[in-house]
Structure formats: C-alpha cells, structure tokens
Protein chains: 2
Amino acid sequence: MSRPRAKLTNKFPGCPVESTLSFIDGKWKGVILYHLMLEGTLRFNELRRRVPSVTQRMLTKQLRELEEAELLSRTVFAVVPPRVDYALTRRGESLRPVIMALKAWGDENVLCDGERMVLKPLESPPVSRSKFEPA
Amino acid sequence: MSRPRAKLTNKFPGCPVESTLSFIDGKWKGVILYHLMLEGTLRFNELRRRVPSVTQRMLTKQLRELEEAELLSRTVFAVVPPRVDYALTRRGESLRPVIMALKAWGDENVLCDGERMVLKPLESPPVSRSKFEPA
DNA sequence: ATGGACGGTATCCTTTTCGACACTATAGGC
DNA sequence: GCCTATAGTGTCGAAAAGGATACCGTCCAT
C-alpha cells in the first residue's frame, strides 16, 4: 500500500476506485490474494513455490502489508522447523469479485506465455450488419 | 504500465491478475478510466477538473500510457485554442466490470471523506444463528 | 497591453519500489 | 560434520514513479 496514493484519497469522486487499487497495489499482492482464494490457507514456502519469481524478502514484505491491511491473517505455530499459515480474512475474501474480474480481463485480453505480455486481438467487433447483407 | 511488472508476466498461474493490474497501475489511471466510463468523451482540462490533485504533467503522462495500452483514444482537433478529446476504446470499455468492481469494493469498505483513508467496519458478520434463538 | 484558456514540454529533484545478496536459528537425516 | 528445510531479517543500490516549477504558442476578451 503506497502512502502517496493513500494520501490522495480525498473527496473527489472516483476515490473508491483509487483507494481499492491502493490495497492490491504492490507487485505481488494480486497474485498472493489470488492463490489464497484458490487454495485457502497456504504456508510461506507454499506461496513462494506458487509465485516462483518473488524473492523471499519481497514476499515477506507484501504479506506483512496485506496483513496490516486486514486482508489476510498470519498464524505462527511454535514448532521447529517454523510453520506460518496465511489465510484470507473475511475482508480479504470480500475482494474475490475484484480479483476475479482482474483475472477474467487478463484471460480475455492478455497472452501470458512468452517473455513479454501481448495484447490479444479484440474478438467479435461490434458490427451492426445490415439486414440485407448476408452473414 | 510499469515495465518491471510486465517482465514478470510469465507462465505461472495468477499471471492474468498481475498483468491486468499492470494496465491500470499508475496513480491516476483508475480514476481517469472511471470518469471516462461515467461521462464518455472528455477533454484534457475537463479531466483535470475532475481529478483536481493531478498535475498537468502527470495527467499527460498517464493519458499517454493509457493510449499506448490501447485503452483510450486521443483525438486532436486543429483549432485554436487547441482541443483534444479522450475517449475509451473498445478495449478500454471492456475494463468496465473491473473498474466497477474496484469502485464497489471501495464504496463498501473504505471511507474516503477525511484526510486519510479509513477501513469501514465489516457489516453483517456471518453468524449462523440457532433456530431457537430469536432474532 | 494584459491576462486567461487551452494542451501541452522540459528540467530537476525526491520518494518509493524492487531486487541481489548475505545472514540467522533449530531440528532431523545421512 | 554437513546438508536440508523452515521462515524469516538486514543492508545496499539501481531504477522507476511521482511532484514542483517554469516555459511555449495562439487566440480571445477586457
């Protein structure tokens, strides 16, 4: 959650959009929330395996910020080796429609295979074909 | 659209979430899209008035990035004083469910009035009340 | 002639973010 | 005695994002 963005959360309309973005902004928060929505509770290294490119340090940081935002809960078990569980809170769970909307748009519009991100061509353009023109 | 974020758009699942975020990330993109969704075509200074805290430079930058991402179109009229219209493309329009999901969550969960952003308390906790207990 | 509206650029600077790398502690297996 | 797994922390530096300020040219109204 970037402070400067939070600062502009003022009266102007459209603020709800920006403030919601400020919660899931941060390079890894979206994916983290997504995986927790798919799989429920996950441990630190389980998350790490699901998001291979995140570094340990960044994952920790993002998880801490999500915890501070009350979107997920962190449960430490006093065992060795250590065990820490991460799970969505009810508020985190309430983000499901948002995350799923993000995923749906990405699925429809972006090709994620290669090295870079590619926009898919738009499908079924909104042609209003004349009645007299054959399909 | 931040390049580093785009770089990580790799094969791992959850990528669609991140790549969609990369399109609307940038401190002002969410609001800009939101206003264009509400009001249709807007001119530069009309947008500026709707987002009072954005500087001219930043507004220009964000609009250029949105244009490059094919989410909005920029139409210059060769008149004086200059006139430039911004409108959603079809792809930009396709983000409507996403932006509206963001707005809905913000409306439900964040208080935007004062100087800072405040989480609203959760309402209607998921109590499973006994049949024998009166409401 | 002065100032404003319009839609920007150019320059400089600070803040924020992100990643690399090294380091920690403990228990169990070989 | 050494390696592994677990879940981190600390420090450093590069890069990106964002903000402040000044400037441009033309037309119109005062």
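These numbers were taken from a predicted model, which means no experiment stands behind them.
Between the A/K61 side chain and the A/R57 main chain, no donor and acceptor come within less than 3.5 Å of each other. For the pair A/N109 (side chain) and A/W105 (backbone), a donor-acceptor distance under 3.5 Å is present.
D/dA17 atom P lies 13 Å from atom CG of B/L66, rounded to whole Å. Rounded to an integer number of Å, the gap from CZ of A/F44 to C1' of D/dT9 is 11 Å. Look at CE on B/M58: it is 15 Å from C1' on C/dT9, rounded to the nearest Å. What separates CZ of A/R74 from C1' of D/dG8 is a distance of 8 Å, to the nearest Å. Separating the CZ atom of B/R43 from the C1' atom of C/dC6 is a distance of 7 Å, rounded to the nearest angstrom. A straight line from CZ of A/F77 to C1' of D/dG8 spans 17 Å, rounded to a whole angstrom. Atoms CD (B/E65) and C1' (D/dA17) sit 9 Å apart, rounded to a whole Å. Between the C1' atom of C/dT17 and the CH2 atom of A/W28 lies a distance of 12 Å, rounded to the nearest Å.
Rounding to the nearest 0.5 angstrom, the gap separating the CE atom in B/M100 from the CG atom in B/L33 is 10.0 Å. Of the inter-residue distances, the one linking A/E93 atom CD with A/I99 atom CD1 reads 10.5 Å to the nearest 0.5 angstrom.
For D/dG19, the OP1/OP2 oxygens have a side-chain nitrogen or oxygen of B/K27 closer than 4.0 Å. Taking 4.0 angstrom as the limit, B/R49 places a side-chain polar atom (N or O) nearer than this to OP1 or OP2 of C/dC6. Between B/R64 and C/dT9 there is a side-chain polar atom (N or O) within less than 4.0 angstrom of OP1 or OP2.
Note on A/Y86: only backbone sugar-phosphate atoms sit closer than 4.0 angstrom, heavy atoms only; bases stay farther off. Looking at heavy-atom distances under 4.0 Å, A/R48 makes no contact with the nucleic acid at all.
Comparing B/P81 and A/T55 by the nucleotide of DNA chain C that holds the closest heavy atom to each, the one mapping nearer the 5' end is B/P81. Of the two residues near DNA chain C, A/Q62 and A/V80, the one whose nearest nucleotide lies more 5' is A/Q62.
Proximity note for A/P82 (side chain, C-beta onward) versus C/dG8, D/dG8, D/dT6: the nearest is D/dT6. When each of C/dG8, D/dG19, C/dG19 is scored by its nearest atom to the side-chain atoms of B/R57, the top-ranked nucleotide is D/dG19.
Legend: salt bridge (charged side-chain N to carboxylate O under 4.0 Å, His left out) pairs involving residues 38-47 of chain B, not counting sequence neighbours, sorted by first then second residue: B/E39-B/R50.
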